[in-house]
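Side chains are part of it too, since the values below use all heavy atoms of this structure and drop only hydrogens, waters and symmetry mates. Chain A is the first sequence line, chain B the second, and so forth, proteins listed ahead of strands; every chain is numbered from 1.
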Amino acid sequence: MTGPAATPGTNAGSAAEAPVMLEVEHLVVEFRSGKERVQAVSDISFEVRTGETLGLVGESGCGKTTTGRALVQVQPATSGSVRFQGQDLGRLSKRELRKTRTRIQMIFQDPISSLNPRRRIRDIVAEPLAIWGTGSAEERAAQVRSMLESVGIDPDTAGDRRPQEFSGGQCQRISIARALMAKPSMLICDEPVSALDVSVQAQILNLLADLKAAFGLTMVFIAHDLAVVKNVSDRVAVMYLGKLVELADSDDLYRSPAHPYTEALMASIPEPDPEHVSTHEPLTGELPSPLNPPSGCRFRTRCPYVQDRCASEEPPLREVSPGHQVACHFPLRQLSPVPERPAATTV
Amino acid sequence: MLAYLAKRLGQLVVVGFIISILVFLLVHLLPGDPTVVILGPNDTAHNRALLLAQLGLNKPLYQQYWIWISHVFSGNLGESYVTHESVGHIIATGFPIDLELIIVSQVVAFAVAIPLALFTARRPNRPVDNVATTGTFGLLALPPFVIAPVFVAVFAVALKWFPATGYTSFTTDPATNIHDMILPGLALTAASIAVYYRLLRSDLISTLQEDFITMARSKGLSNRYIMMRHAFRPSTFSLMAAAGVNIGALLAGTFIVEYLFAMNGLGYSIVVAVQQRDYLVIQGIALVVAIAYVVLQFIVDFLFTVVDPRVTRE
Amino acid sequence: SSSSSSTAGTKAQSGTAGINHGTPKRGGTAIIGNDADIDGFYPPSNHWDNNGFLYANCIYDPLMAVAADGSIQPYLCKSMTPNADYTVWTMTLRPGIQFHDGSALDATVVKNNYDALQASLLTGLALKFLKNVTVVDSMTVNFNLNEPYVPLPAGLATQVGYMVSQSMIDAEKGGNSNPTPVGTGPFVYSSWLPNNHFTAVRNPHYWRSGYPYLDQITFRPIPDHSQRVATLQSGGVDLIVSTDPVTITQFQGQSSYQVVDSLSDTLGEPDMSFIMLNCLAAPMDDLRIRQALAKGINYPAFAKLFDSGLNLATTGLFPPGSKYFSQTGYPTYDPAAAKALVKAYTAEKGTPTFDLATVTDARLTRVTQVLQSMWQAIGCKVNLQAIEQAQLISNTIVGNYQAVTYEQFAAPDPSINYVWWSTTTVAPVGKIALNFARNSDPQIEAALVTGRSSSNPSDVIAAYQKVNERLAVDLPYLWLGRTSWSAVADSRIQNFAGTILPGGKPGKGFDNGSFFSTQIWMEG
Amino acid sequence: MPDDRELRSTGSGQTLPTDTFPGQAAVDEMVVMRQEPAPETDEALARRPLGLLFWLALGWVGLVVLLAVIANLLPLPNPNLQNYAAINVGPSLHHLLGTDDLGRDLLSRIIYGARVSLVVGFGAVGIGMAIGGTLGLISGFRGGKLDIVLNAASFVILAFPAIVAVIAIVAFWGQTLAKITIIIGVATIPVLFRVVRASSLAYANRDFVVAARTLGATSTRIVFKEILPNVIPVAVAFGLIAVAGVIVLEGSLAFLGLSVALPTPSWGNIISEGTSNGNLSTNPYILMWPALAMFLLLLSINLIGDRLRQRFDVREGLL
Amino acid sequence: MIRPTAGRGNAGTLHFPDVSDLADPLLEVEDLVTSFRTTRGTVHAVDRVSLTVNRGQTLGVVGESGSGKTVLSRSIMGLLPARDVLRSGTVRFAGHDLTAMEPAQLRQVWGAQLSMIFQDPMTALNPVVRIGRQITESLRLHLKMDRKEATATAIELLRSVGIPSPEQRIRSYPFQLSGGMRQRVMIAIALACAPRLVLADEPTTGLDVTVQAQILDLLAAMQQERHMAVILVTHDLGVVAKRADDIAVMYAGRIVERAPTRTLFAHTRMPYTRALMDSIPRLSDPSGTRLRAIGGRPPDLIHPPTGCRFSPRCPYVQDKCREADPPLRTAGSPDHLFACWFPLVDGVPSGPSGSGQPVTLTTNGAPNNAVEAPAS
Ligand SMILES: Nc1ncnc2c1ncn2[C@@H]1O[C@H](COP(=O)(O)OP(=O)(O)OP(=O)(O)O)[C@@H](O)[C@H]1O
Ligand SMILES: Nc1ncnc2c1ncn2[C@@H]1O[C@H](COP(=O)(O)OP(=O)(O)OP(=O)(O)O)[C@@H](O)[C@H]1O
Ligand SMILES: [Mg+2]
Ligand SMILES: [Mg+2]
């Protein structure tokens, strides 16, 4: 199954031709504590086109959140650049950056803590307008109302209340509403659904899809639930220990992962179906410490297909098929094309 | 660790230096000067000029400061203008008194506040808790100068359990020393009990709401064990921070109690020195107190790291 | 023996508390609670208050001392005789007296003592009349004066009469400003921890053979009055010294305590409590205001409030019974007259407004509150100031005050107070003046000169009566009473207020808060 | 310079120990457990019973404040009027609380004394809060050099023996109520600075602050709109305890003669008078009444603070 | 094997013999009610829940957030706040009624016989106590081990839950571990004394799939080894699908459907369960597929809706649903209980019934023997 990617989803039709909105080059983020340095993100590059949704997946602690925060410049990059609509965000002055803020927004991993517990929902959502002094008080109130309505929150009962009076799902929607009030062209969503139960999760994913359709929103969607990522993304990037290991169209990636880590990820997905039989051995071993990552390929310590070369040489990210990049010396696509999986049985 | 110590030492030097300048300026800005006290009624213009020259107080301030601070660095704090006692000796005899007062009062405060808080935090706002709260606030409303005479009337005059006044150093006679310290220590203890009790209680209440307490219960551990081993330690931060500030304030801040109990501690000595414009004594004590304060904060910070491993040094 | 019996016994013998003539016992340690510490033991560089003399009387002996009859008696010296015009006094020392370090008391050491005293910034002023002291022979010195000074022996019963050893003088000259005290006194210095305790032990080689009775004497300064009382009651000290009249009423009549006080002391010049007015500062520069203030004090009420009625109305420097006593004509309580005076003043210069300053002391702040209330009742506006001691002294010296509480003038002889009242020591406000009240009265000056230079006792008495009367006219001082010194001892302490001078005469026992410890003994 | 930042936790996102104050740590957990609230929650919150004690306490504080304010209008004798015919009389119809050793009416003195105590207590803490609190808020949020410098300054003030400074300043400057309030107020600045700074620090890197920044909020806006509302409950609760502390402190200064000039009554100096001149044994009422009034006020203030905190506190009432 | 002394007859069980018949269920919960008194009103967090768990079996409990899963498991344990809680009903565990036990007796059961894995490993581990001690303290308490023995056992336990170099890790504090490791430490603590029943409250939320799989496998292995029963609480149907023998679906404090896992997936009766399953994004669906969310919101547990609690959100709601509360009952297989007036048959609701009697259903040829649940 080589060749062009399968027909993209309904909403990704023009993504490939669309102009690049976000361009990440050689991004490195380091945390320092005392003498120790943790490279949470080590040298990753990717781009996101206008109107596209890029999914970002990977093991817990691999640097997804850090990447997301570096994109919106709340986490300073150690090196590398983030270009947004042609501007290098890292080089902007404080004032210029502040102006750019409205166009690129982030939904934080923990929706509850990203809302000020002491402020009323109405004020929180109106904050972007208040900051920029947009419109009169009444205009703002009207905008807040319509935005709350569109994220499925009743503005009449909710407006006067404070975040802690809402469930996680509602908080998530409120923080989405706030992010959208700024009318961004790009939205970074950091695990917006991981703590939510399936029904709330479904509501939010639908909402994002609607927004994307309505506003042509460009998104980076971070999650660890692969089914969710697949559902929302046009393309998916897989991270492992601070590195980008695979990047492909989502259907393509799920159909035939080229990196052993991606394959292991797919295999570990619990199917909500008691009849489903898993074909792969689950991944074993602990995530190596980012303090001293393994030499060569970082996945080699847990890779079932490891070879000598993996320890000595770091695999570069390269294309195995058009639009499908992988960082592996022995990508699964070349060694043995993965047989198409039997369609999961549904009830 | 070494780097940390070095950094701390650096802080100590800087803070000590700033304080030395401030103290120096402040005492020299005080109205009146030592000649008034020393010469008293013999304060004639002539005598005063002579005395000022004798004491080196006729030099420009910055020179005086320089002379003083360079002596300090060679370990010489000078001597009292009034009694001619060496400042080093005043501090050496006074510091242990403050230290003992602090130890006695704080040990008692902890000994009362901690068990009380451990006892009441499990069932807040119950009668026992209300009684304890009321009681500790009663203590807070009674300043040491009220408590001291009452204690003396009861425990010294009526019961003759403890001496009414006086201080014998520990090295001279440990038993008498401890005997002497009880009442003044208790007079200082009251306010600390209230503050510590309140802080620990409220922190304990928060801690007891933590999941890890339920987790500990789910292991079948006894309530006592949970309070002691699981709840207490994570609840001691405010307590330690408050104790740090409080103990710092007690350093040379015990004037009233030392005055009432006729103890020549630093608190008493520094106030007397201020009243007598005994510059070198004030400066010496203030400097030592400042250094002690920095060291104290160092200890508190260190205790933080002991109590909570998440807190790191640097 | 129980105190009641001993007190009763004492009364049977002498009629005075604190003076016992029973059989003395040897040994024991007396612990005395006093109100503050000495500032040092070297007479040239310290100034001694009652506590200073308490300590000094243990370590040192004075050249002269006051006897119970008011006469000045030789102590360390054998005799002292003036020349005809009282400008040269020849003193013969008692033979065989040794300092604690074994050195002998001779003419040289006395001369060296005076050289040091004269050179001192502190004591030099008090010895202004003294040209020098010269050695005549090993046991004889001459005091050569600049001017006639008749009451010189009384002057030598003060701080400048206490002789220290050559070793101390040398040590001081050598740069040790705090030399170990070495005297000829009944006790030998043992330890001094300022503001904690002072201890001296029996001098086995004391020249007054048989004395002292005690093995050891310890002084513990306890600054707070009630705590000092509590310490006595709890047995922490055997004797306390106090200025608070409450002490007297509290303990008088209690069989287990003996109380002596200075209220009936008629010798020399007593310690006076008064309000000092700055005669050069408005509104006190107007005599009418000073008069109004004097008339405005409801003295009977005042005495009842403060001295429990013990302190008799005071009209001047000398109490009835003193040889200097006379009716001074000091104004009595007359609110109507006071109001009229204030009214007159107000009409001219506006409401008299002034600060009444005091040190931060519970009793004195109470005094000032009462005075404020009384003076406001006659139409003055009084602000109370609590200022700490050093600043208060400083203010009074330069005249930066209007009215201030003061205690002063205790002296074996009134002449010693010359500088405080002399017109020669007045200076304008802002300049240093020893006449703090800045009262220039030529009549006082003349009387004072007579008082110190006349050898005729009746002239002297007349002179000081004149001073006293003039003060009642000029009103630089509003008398509040005598400072009510008292000592309270538990029943074990004997004879703390009775001392026999070397010549055999009884000495002045309790002298403004101090006493000799030579003949104290302890029972049981 | 000493810097709480050293005490930061590493990893694990738990609240920082130095920055902890009761009630913040488990907010998140709680929210997970919270069910969709009834629509009238805000009113319900307002109706949450504060307890009889709270109202008693509030009543007492209110009464004290009211009496102090309208003291002039009350049929009270002049608090400084000395009546030597009625010295140290016990409580009676004529003198409800008795008189002191100068025959002054104790009730009147205590009511007028409340003025001083309240002005000093609230005024000083107000000053400390306005300056120390504001600096703490900014310092905790901004960090960096500013924080280091302010910390060092607070440290220097804290390490300086306070009594020396007070004696010096009072000697230098005088003893009016306003001055005493300012002096004590200045002394509380570093303490309040550190408390507020600690909790500001705790919020400085919270997600909602970061979120506000991504929206383009300026630092000033973040400090006042995002951080301040969170710091206020802690600051108020601590401030109330500080008020209690300052009222007692004024008493200690009065004991040393360093507080407001006499005969202006303050609870502190009435207590101080009650312990001197033998009054403790002859007339214990002098000490007792103001001590009682002060005790009840402290207790009430604290109780109010406690209950208010409980109410503001998101977490309380869960378990 | 985790620990040589584990199993019956160890010191900890002496006070707590299993008095029930081995064939009887290990845990029988009957009419368990747990409510919280709050200032807004009483929150009926768990409402008349009955369930049973057999030895060695796994019961999955699923439901939306806030449906009472955590409260249920804490209520079974008896670990509820001391005040403002109402609990009634019985919890029989190994033949003993836990609700009737004194705290001192309960403490002998907790940790030793019955243990719990808490929902959030971040907060459930004491941040200032080394993990070693957090494991050994219950060993020392219940199994009377000495320090050395307990430490050795703790190391073994850590090793068995897959923590590398446990000898060193035992000295770590929780904050020094990654989220996955902490979760495993929690499991090690819960398993330390070889309890008969483990209540695992969302043991894998917030973990990525690879770690999640590891943990679930580990739990299953231990269960096999020790014949241990597990209540697996989760909102992720994917997790329970292959791990549980039975599944109970909770909604608004009640169990609304209960069946063996396969039966439940194959013949879902409750529209709610169905809706839950439908809202899961499927890997098999192409990217961008619209999800079928459940409309509306979970009910207010203070004023729950009358009738069927799911009725306001149920796509097939009928008048009856709003009026009468459906009892828990069976249809088809006797072990499939559900609370719905119009249960689904092959994905479509059965017809309305005017009689108010439970509808008799025939599914997969099962006998027509609907039984009213014994509930009140
Ligand atoms: N403030 C920090 N200081 C030090 N290390 C950090 C910090 N924040 C993150 N890290 C480390 O950086 C790495 C990446 O963390 P990040 O939060 O980006 O992971 P993630 O992929 O978002 O994980 P998760 O799925 O758990 O959210 C981890 O090893 C983490 O320990
Ligand atoms: N202490 C309490 N006081 C009042 N209400 C409570 C308390 N604890 C839980 N609740 C309520 O009980 C209900 C059930 O909560 P529970 O935590 O059991 O839900 P859950 O099913 O575990 O949800 P999640 O999936 O989010 O963990 C919720 O509405 C919650 O608000
Ligand atoms: Mg993340
Ligand atoms: Mg739960």
Side-chain angles (χ1 to χ4, degrees), chain B residues 30-48 50-51 54 79-86 89-90 93-94 97 145 148-149 152-153 155-169 258-265 268-269 272 274-277, chain C residues 31 33 36-40 42 45-47 120-126 176-179 192-197 220-224 226-237 359-360 387-398 400 408 419-420 425 427 431-434 436:
Chain B
L30 274 172
D33 63 52
T35 61
V36 173
V37 179
I38 299 168
L39 295 173
N42 302 300
D43 194 343
T44 62
H46 173 72
N47 278 358
R48 160 177 288 186
L50 278 179
L51 187 61
Q54 251 178 38
E79 60 172 41
S80 160
Y81 297 147
V82 180
T83 61
H84 300 289
E85 201 189 0
S86 96
H89 186 248
I90 293 177
T93 53
I97 298 179
F145 63 85
V152 166
F155 296 109
V157 176
L159 297 172
K160 299 213 173 9
W161 288 353
F162 301 105
T165 58
Y167 171 78
T168 314
S169 77
E258 290 176 0
Y259 161 82
L260 288 174
F261 287 93
M263 306 172 112
N264 52 321
Y268 184 74
S269 303
V272 170
V274 170
Q275 286 170 348
Q276 299 180 329
R277 305 292 184 269
Chain C
I31 305 177
D37 216 327
I38 192 172
D39 62 346
Y42 191 58
S45 60
N46 297 106
H47 33 205
S120 152
L121 299 179
L122 278 175
T123 47
L125 196 73
N176 179 359
S177 42
N178 195 13
W192 178 45
L193 188 55
N195 297 316
N196 186 295
H197 73 275
R220 283 190 35 206
I222 304 170
D224 186 66
S226 351
Q227 291 287 91
R228 206 176 325 125
V229 169
T231 312
L232 175 73
Q233 289 171 325
S234 64
V237 294
V359 289
T360 52
I387 307 180
E388 32 129 16
Q389 188 109 26
Q391 201 193 339
L392 192 73
I393 296 175
S394 169
N395 287 353
T396 52
I397 290 174
V398 296
N400 176 21
Q408 213 186 353
V419 287
W420 316 131
T425 53
K431 290 262 160 44
I432 289 171
L434 293 185
F436 303 140

Exercise. If you count the non-hydrogen atoms of other residues, nucleotides and ligands that lie under 6.0 Å from NZ in Lys431(C), is the total more than 12?
Worked result: no
Exercise. For Gln54(B), is it the side chain, the backbone, both, or neither that has a heavy atom closer than 4.5 Å to a heavy atom of chain C?
Worked result: side chain
For this session: Measure His89(B) against the heavy atoms of chain C and call it side chain, backbone, both or neither at under 4.5 Å.
Result: side chain
Exercise. Non-hydrogen atoms of chain B under 4.5 Å away: do they reach the side chain of Ser226(C), the backbone, both or neither?
Worked result: neither
Problem set entry | Top contributor to chain C contacts, counting heavy-atom pairs under 4.5 Å, from Ser86(B), Gly166(B), Ser169(B) | Gly166(B)
Exercise. Does the Asp37(C) side chain pair with the main chain of Asn195(C), one donor and one acceptor, at a distance under 3.5 Å?
Worked result: yes
Exercise. Where does Val157(B) contact chain C at under 4.5 Å (heavy atoms): side chain, backbone, both or neither?
Worked result: both
For this session: Tell me, out of Ser120(C), Pro223(C), Ala126(C), who's got the most heavy-atom pairs with chain B below 4.5 Å.
Result: Pro223(C)
Problem set entry | Donor-acceptor contact present, side-chain Arg220(C) to main-chain Thr165(B), <3.5 Å | yes
Exercise. Can you tell me how far OH of Tyr81(B) sits from CZ of Arg277(B), rounded to the nearest 0.5 angstrom?
Worked result: 12.5 Å
Problem set entry | Side-chain donor or acceptor of Thr425(C) paired with backbone N/O of Val419(C) under 3.5 Å | yes
